[in-house]
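Numbers here simply count residues along the sequence, with the first being 1. Remember, it's 1-based here, ligands and their atoms both numbered in the order they're listed.
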Amino acid sequence: MENIGIILAGSNDTRFNSNKSKHVHKLFGKEIIRRVFNSVKEAGIEKIATVVGEKKEQIQEVLKDETEYIYQEKVFGTGHAIIKSREFLEGKNGKVLIINGDTPLIEPSTIKKLMEKAEENAATFLTAIYSNPKGYGRVVRNEYGDVVEIVEEEFCDNEQKLIQEINSGIYCFDIKELQEALEELVSEDGKYYITDIIKIMKQKELKVEAMILEDNTEILGVNDRIQLELLNKILKIKINTKHMKNGVTIEDMQNTYIYDDVKIGKDTIIHPNTIIKSNVIIGDECEIGPNAYIREGCNLANKVKIGNCVEIKKAIIGEGTKIPHLSYMGDCEIGQKCNIGCGTITCNYDGFNKSKTIIGNNTFVGSNVNLVAPVKLGDNTFVAAGSTITDDVPEYSLAIARQRQVNKEGWNKRN
Ligand code: UD1
Ligand code: MG
């Protein structure tokens with residue numbers, strides 16, 4: 001029996017005040033919906049359908065044909081999104097994971113745990129304790145601690161508003177029981193709430209269970225840009241913590257931005273205000289920053305130094321090479337033990353194409369050099385400061401490409 005999942009992404013949230021669906025806004029370079037989808041997929045759910053609404057093309061552009069799509073033309077609530085999913089559920093047995101498309105920090109391992117716990121239940125859902133539960137549905141339990149219902153904030157009485165256990169919007173339902181409960185789902189103020197399914201199932205005396213998460217940040221939802229900023233901060237700290245545990249020194253956790261899919265070796269030091277984009281590999285004992293911008297596709301061997309205000313992109317850099325300050329090195333391969341002087345840039349773009357710069361081992365590039373790509377500096381070359389290099393430099397050569405200085409003696413006295 002294959003596991004199936006439904007991601008809800010049909011609403012066009014006015015709280016976001018955006019022309020785009022909130023689900024395609026990015027968190028550290030990756031769309032919210034992409035993050036949710038990847039976690040569901042990594043949890044082992046093979047068949048996934050995504051509920052989309054008015055902004056369906058935007059979501060399709062991100063998830064392409066990795067998911068089926070269910071079209072919800074009018075936003076009549078999360079319960080309505082499930083009513084629209086009836087056809088997808090038809091003829092299937094076992095369990096279905098249903099997840100809000102706006103909870104991007106959910107871990108695959110948590111989804112797996114939920115699915116395991118769900119085995120015997122009609123409904124199982126994730127909850128967490130928030131000291132400030134404002135905006136979330138509250139989990140109402142009876143005197144024995146059993147779940148009774150989820151009450152949306154707008155329907156909470158004063159006592160219920162004080163409840164700190166909140167609904168995550170991540171549920172695992174028995175498909176047959178869900179299909180039956182859907183028959184009884186009615187609208188309130190023209191809206192259908194998925195949360196009412198819990199109450200319906202409890203009234204039918206079916207087994208419903210809530211699983212309280214220890215890490216309550218995992219299920220934070222993104223309903224507006226203020227929450228988006230909060231989640232960015234939390235994700236940043238999670239990623240930085242992971243690297244520090246792996247032996248990387250990060251001097252200033254708050255001002256270091258490391259994207260997903262970055263590998264950093266032991267005893268590398270990251271100075272403040274450094275951004276490292278996705279698909280970057282950094283070796284052991286490197287020194288990066290301050291104020292460095294390491295863009296996609298860089299691969300740094302051990303003991304590389306990337307200093308203050310240096311930007312590199314698709315740069316493959318050999319062991320012990322230093323780019324200490326104020327440089328842009330893009331689309332390049334630099335050998336071992338090179339020194340790239342202050343202000344050196346690769347001129348890698350001619351307005352149409354990107355071209356490569358190749359620099360051999362033990363090469364010294366003086367300050368303020370322009371390397372006009374495509375160009376190649378051999379091993380053991382020396383480039384004089386201020387040069388604009390347009391031709392390849394053979395190994396062991398000195399290249400000077402600048403005008404000679406003229407001194408006009410006494411000129412300034414006469415003027
Ligand atoms: C929802 C839950 C709330 C929970 C919170 C957790 C309901 C009624 N409330 O509230 O209990 O604490 O999430 O974050 O479910 N969607 C559709 N179609 C619709 C409406 C919504 O697909 O007609 C999708 C949205 O795109 C979104 C998700 O469902 O990704 C949740 O909707 P949202 O409006 O964010 O609900 P919350 O107010 O956050
Ligand atoms: Mg939400």
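- Among Asp102, Ile197, Ile170, Asn100, the residue whose heavy atom lies nearest to atom 1 (C) of ligand 1 is Asn100.
- Ranking protein heavy atoms by distance to atom 25 (C) of ligand 1, first place goes to Ser11 OG, 3.5 Å.
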I would like to know whether Ile98 and Phe125 meet side chain to side chain contact (heavy atoms under 4.5 Å, CB included); could you show each step before the answer?
CA-CA 9 Å; Ile98 296 181; Phe125 61 104; over 6 Å; no

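- For atom 15 (O) of ligand 1, the closest heavy atom belonging to the protein is Thr78 OG1, 2.8 Å.
- Relative to the six-membered ring of Tyr193, Lys191 misses at least one condition, a distance below 6.0 Å or an angle of at most 45° to the axis.
- Neither the backbone nor the side chain of His80 has a heavy atom within less than 4.0 Å of ligand 1.
- Residue-ligand proximity, Thr195 to ligand 1, at heavy-atom distances under 4.0 Å covers atoms 8 (C), 11 (O).
- At a cut-off of 3.5 Å, with distance as the only test, a side-chain donor of Lys277 or Tyr293 sits close to an acceptor on the other residue.
- The contact set between ligand 1 and Asn223, taken as ligand atoms under 4.0 Å from a residue heavy atom, comprises 35 (O), 39 (O).
- Ligand 1 places these atoms under 4.0 Å from at least one heavy atom of Gly101: 30 (O).
- Close approach of ligand 1 to Lys22 is summarised as follows: ligand atoms under 4.0 Å from at least one heavy atom of the residue are 35 (O).
- Considering backbone and side-chain atoms alike, Gly10 places an N or O below 3.5 Å from some N or O of ligand 1.
- Ranking protein heavy atoms by distance to atom 12 (O) of ligand 1, first place goes to Asn167 O, 2.6 Å.
- When the options Asn353, Asp331, Thr357 are evaluated for a side chain to side chain donor-acceptor pair (under 3.5 Å) with Asn348, the one that passes is Asp331.
- Checked against a 3.5 angstrom limit, the closest N/O atoms of Lys74 and ligand 1 fall outside it.
- Close contacts of ligand 1 with Gly137, meaning ligand atoms under 4.0 Å from a residue heavy atom, involve 3 (C), 4 (C), 11 (O), 12 (O).
- Among all protein heavy atoms, the one lying closest to atom 33 (P) of ligand 1 is Arg15 NH2, 3.9 Å.
- Shown in contact with Phe76 at under 4.0 Å from a heavy atom are these atoms of ligand 1, numbered in order with element: 23 (O).
- Backbone or side-chain N, O or S atoms of Asn223 reach the Mg ion (ligand 2) at under 2.8 Å.
- Counting backbone and side-chain atoms alike, Asp102 contributes an N/O/S atom closer than 2.8 Å to the Mg ion (ligand 2).
- Within the structure, salt bridge (charged side-chain N to carboxylate O under 4.0 Å, His left out) contacts touching residues 61-73 (residues at least two apart or in different chains) are Arg34-Glu66, Lys47-Glu68, Glu73-Lys84.
- Within ligand 1, the atoms closer than 4.0 Å to a non-hydrogen atom of Ser168 are 6 (C), 14 (O), numbered from 1 in the order shown.
- Across Val52, Ile7, Val139, Leu8, heavy-atom proximity to atom 24 (C) of ligand 1 is greatest for Leu8.
- Ion pairing of Lys202 with Glu149 is absent here, as no side-chain N (NZ or NE/NH1/NH2) approaches a carboxylate O to less than 4.0 Å.
- Close approach of ligand 1 to Tyr193 (heavy-atom distance below 4.0 Å) involves ligand atoms 8 (C).
- Aromatic ring pairs are classed by plane angle as parallel below 30°, tilted from 30° to 60° and perpendicular above 60°; the pair Tyr130 and Tyr136 is perpendicular.
- Checked against side chain to side chain donor-acceptor pair (under 3.5 Å), Thr256 has no partners two or more places apart in sequence or in another chain.
- The shortest contact between atom 11 (O) of ligand 1 and any protein heavy atom is with Glu152 OE2, 2.6 Å.
- At a 4.0 Å heavy-atom cut-off, ligand 1 touches Ile194 through the side chain alone.
- Annotation: cation-pi geometry satisfied between Lys354 and Tyr349 (NZ/CZ under 6.0 angstrom from ring centroid, within 45° of ring axis).
- The closest heavy-atom contact to atom 20 (C) of ligand 1, among the options Ala9, Gly77, Gly169, comes from Gly77.
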